[in-house]
Every structure is written in C-alpha cells, then in structure tokens.
Trainee: 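Structure incoming, see below.
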Amino acid sequence: MTTYVYGIARGDRTKLPEGLTGIGDPPLPVRVVTGAGLSAVVSDCPAEGELRPKRRDLLAHQRVLTEAGRRTTVLPMRFGSVSDSDEQVRVVLTEHSGRYEEQLDRLDGRVEYNVKAVHREDAVLHLVLAENTELRTLAEANRAGDGGSYEQRLHFGELVARAVHEREARDAALVRRTLAPLAEGERPGPESTGWFLNVSFLVPEDAGRRLLAEAGRLEKENPQLDVKVHGPLPPYSFVE
C-alpha cells in the first residue's frame with residue numbers, strides 16, 4: 001500500500017494525539033515517519049481509484065494538519081500527496097532536508113488567513129450612482145421617460161457595470177493596502193466571478209486578531225464591502 005503524506009515537521013517535535021485518524025473510509029490511522037532530523041505525518045493511502053477530493057477526506061486532511069500544528073510548525077502538503085512507501089518518504093526527507101528546514105524556519109509561528117471580498121449589490125449601486133453625475137442624469141432621464149427605450153436601458157446598464165467594475169478595482173486595492181502591513185507575505189488566490197479579491201496573507205500567530213479587527217473596520221467604514229476572512233489556516237499558499 002502507498003503512503004499518504006499530510007505534512008512535514010521537525011522530527012523531535014512531532015507529537016500526535018493518540019488515536020488520530022486521517023483520510024479513508026474507514027479513516028486510516030496516522031503515524032510519523034522520520035529521517036534526517038525531520039518527520040512526515042502520514043497514513044496508509046486508500047486503494048487506487050478511491051482517493052478523491054471528497055468533503056470527508058478534505059476535512060480529514062485539514063484536521064490532521066491542525067492537530068499536528070498545535071504542537072509544532074508543519075509544512076502542509078496539498079491534498080493528494082502520495083509516496084510509494086514509508087521508505088521513499090525517508091529518502092525524500094533526507095535528500096531535501098536543507099530546503100525543508102529553511103521553510104520550517106520561515107514559517108515558524110506563522111499562519112495563513114485567506115481574504116475574499118465581494119460587494120453588497122444594493123450598497124455599491126447606490127455608491128456608484130452617488131459618485132457619478134452622468135449616471136444619475138441618465139437614471140433620472142430614463143425614469144422621466146417611462147423607463148427609457150431598450151437601447152437607453154442597455155446603455156445605462158453597460159455604464160453601471162463599468163462603474164461597478166472600476167469600484168471593484170479600487171476596493172480591492174483598499175483591502176490589500178489595509179491588511180498587507182499586518183502580514184509578512186501575501187499570495188493571490190484563484191480568480192472567480194464570486195468575488196473581486198482573493199488573497200492569502202502570511203501572519204504571525206499573535207497578529208491574527210488585529211487582522212480580523214481591521215477587516216471588520218473596513219466593513220463598518222465601507223458599507224458596500226463584504227470582507228470574508230478564513231483562518232487561521234496552515235500556510236498552504238506559502239510552502240514551496
């Protein structure tokens with residue numbers, strides 16, 4: 001059976017709760033494989049074809065990293081990291097020990113916070129109309145003309161969409177400008193139509209509350225903003 005790898009830590013500090021289980025159905029016992037002063041948190045891997053990113057296994061992967069990270073700094077592996085055997089894991093730990101030690105030093109005492117920002121639709125529409133004289137004039141003209149013609153409504157909608165897009169860029173810069181000074185690093189996340197900003201920050205553990213407070217202040221002072229903060233998380237985005 002192959003070996004599933006959750007994360008890498010320093011060998012002399014890796015202690016896991018008794019009975020900790022990971023992925024699989026039924027969940028598979030978690031153990032530690034050591035080599036070159038490092039340790040890998042691992043379990044057996046489900047049979048070929050059974051390892052898929054199901055919610056149950058994704059949560060199990062996260063839980064194992066959380067438990068291991070309570071006691072020491074862990075380099076989190078992405079879901080689905082598999083080695084041929086425990087012995088092959090030891091070989092990799094030995095061959096790349098210098099790189100792993102360097103990253104463990106860099107991430108010691110740090111966690112990741114993922115920040116996504118979206119607009120509250122009614123609030124941002126009110127804001128762009130208040131800021132743009134042309135849009136207000138067109139809106140009033142359309143109302144006076146029983147809503148305006150199809151072409152007029154289409155033109156107005158295009159102008160509003162452009163203004164909202166410009167506001168998204170401004171607000172994305174505002175969020176990053178406010179939160180980045182609290183972090184030691186940042187990484188952009190995947191783009192999506194669900195949000196206009198997706199960024200992860202590497203933050204010292206004791207700075208997390210301040211980041212959350214600043215995100216709350218941003219929302220309070222900018223009613224159009226909905227800032228969603230997820231964390232603290234293992235620093236997935238900052239592991240090479």
Trainee: I want to check something: taking the side chain as every heavy atom from C-beta on, are Val203 and Arg110 in contact at a cut-off of under 4.5 Å?
Mentor: no
Trainee: Ignoring hydrogens and geometry, is there a side-chain-to-backbone donor-acceptor pair from Asn132 to Val128 under 3.5 Å?
Mentor: no
Trainee: Could you check whether any side-chain N or O of Ser192 sits under 3.5 Å from a backbone N or O of Trp195, counting only pairs where one atom can act as donor and the other as acceptor?
Mentor: no
Trainee: Would you say the ring centroid of His119 lies under 6.0 angstrom from that of Phe196?
Mentor: yes
Trainee: If you take all heavy atoms of Ala123 and Pro223, which pair is closest and at what distance?
Mentor: CB-O, 3.8 Å
Trainee: Is the shortest side-chain N to carboxylate O distance from Glu221 to Arg217 below 4.0 Å?
Mentor: yes
Trainee: Any side-chain donor paired with an acceptor under 3.5 Å for Asn114 and Ser200?
Mentor: yes
Trainee: Check each of Glu191, Lys116, Arg176 against Leu197 using the side-chain contact (heavy atoms from CB on, under 4.5 Å) test, and report the only one that passes.
Mentor: Arg176
Trainee: Could you check whether any side-chain heavy atom of Val239 comes within less than 4.5 Å of a side-chain heavy atom of Pro76, counting everything from C-beta outward?
Mentor: yes
Trainee: What are the two closest non-hydrogen atoms of Ser43 and Ile23, and how far apart are they?
Mentor: OG-CG1, 4.3 Å
Trainee: Taking Arg63 for the side chain and Thr21 for the main chain, is one N or O donor matched with an acceptor at less than 3.5 Å?
Mentor: yes
Trainee: So, for Ala9 and Val74, which heavy atoms are closest and what is the spacing to 0.1 Å?
Mentor: CB-CG2, 4.2 Å
Trainee: To the nearest 0.5 Å, tell me how far Leu211 CG sits from Leu179 CG.
Mentor: 5.0 Å
Trainee: Considering only heavy atoms from C-beta outward, does the side chain of Arg120 approach that of Glu219 to under 4.5 Å?
Mentor: yes
Trainee: In plain terms, say whether Asp25 and Lys54 are close enough for a salt bridge, that is, a side-chain N and a carboxylate O under 4.0 Å apart.
Mentor: no
Trainee: Is any side-chain heavy atom of Pro17 closer than 4.5 Å to a side-chain heavy atom of Arg71?
Mentor: yes
Trainee: Are Tyr6 and Tyr4 an aromatic pair, judged by ring center distance below 6.0 Å?
Mentor: yes
Trainee: Please report the closest heavy-atom contact between Gly24 and Pro46, naming both atoms and the distance.
Mentor: CA-CG, 4.1 Å
Trainee: Counting distance only, does the side-chain N/O of Asn198 pair as donor-acceptor with the main-chain N or O of Pro190 below 3.5 Å?
Mentor: yes
Trainee: Return yes if some donor-acceptor pair links the side-chain N/O of Glu112 with the main-chain N/O of Tyr236 below 3.5 Å, else return no.
Mentor: yes
Trainee: Are Asp86 and Arg90 within salt-bridge range, i.e. N to O under 4.0 Å?
Mentor: no
Trainee: Pick out which of Leu38, Ile8, Val42 makes a side-chain contact (heavy atoms from CB on, under 4.5 Å) with Val33.
Mentor: Val42
Trainee: Are any side-chain N or O atoms of Arg106 and backbone N or O atoms of Phe238, one a donor and one an acceptor, separated by less than 3.5 Å?
Mentor: yes
Trainee: Kindly indicate whether the side chain of Leu16, heavy atoms from C-beta on, has any atom under 4.5 Å from the side chain of Glu67.
Mentor: no
Trainee: Please name the pair of heavy atoms, one in Leu182 and one in Glu214, separated by the smallest distance, quoted to 0.1 Å.
Mentor: CD1-CG, 3.7 Å
Trainee: Taking the side chain as every heavy atom from C-beta outward, state whether Phe79 and Asp57 have any atom pair closer than 4.5 Å.
Mentor: yes
Trainee: Taking His61 for its side chain and Met77 for its backbone only, find out whether a donor-acceptor pair lies under 3.5 Å.
Mentor: yes
Trainee: Compare every heavy atom of Gly35 with every heavy atom of Thr94, then report the nearest pair and how far apart it is.
Mentor: OG1-C, 4.4 Å
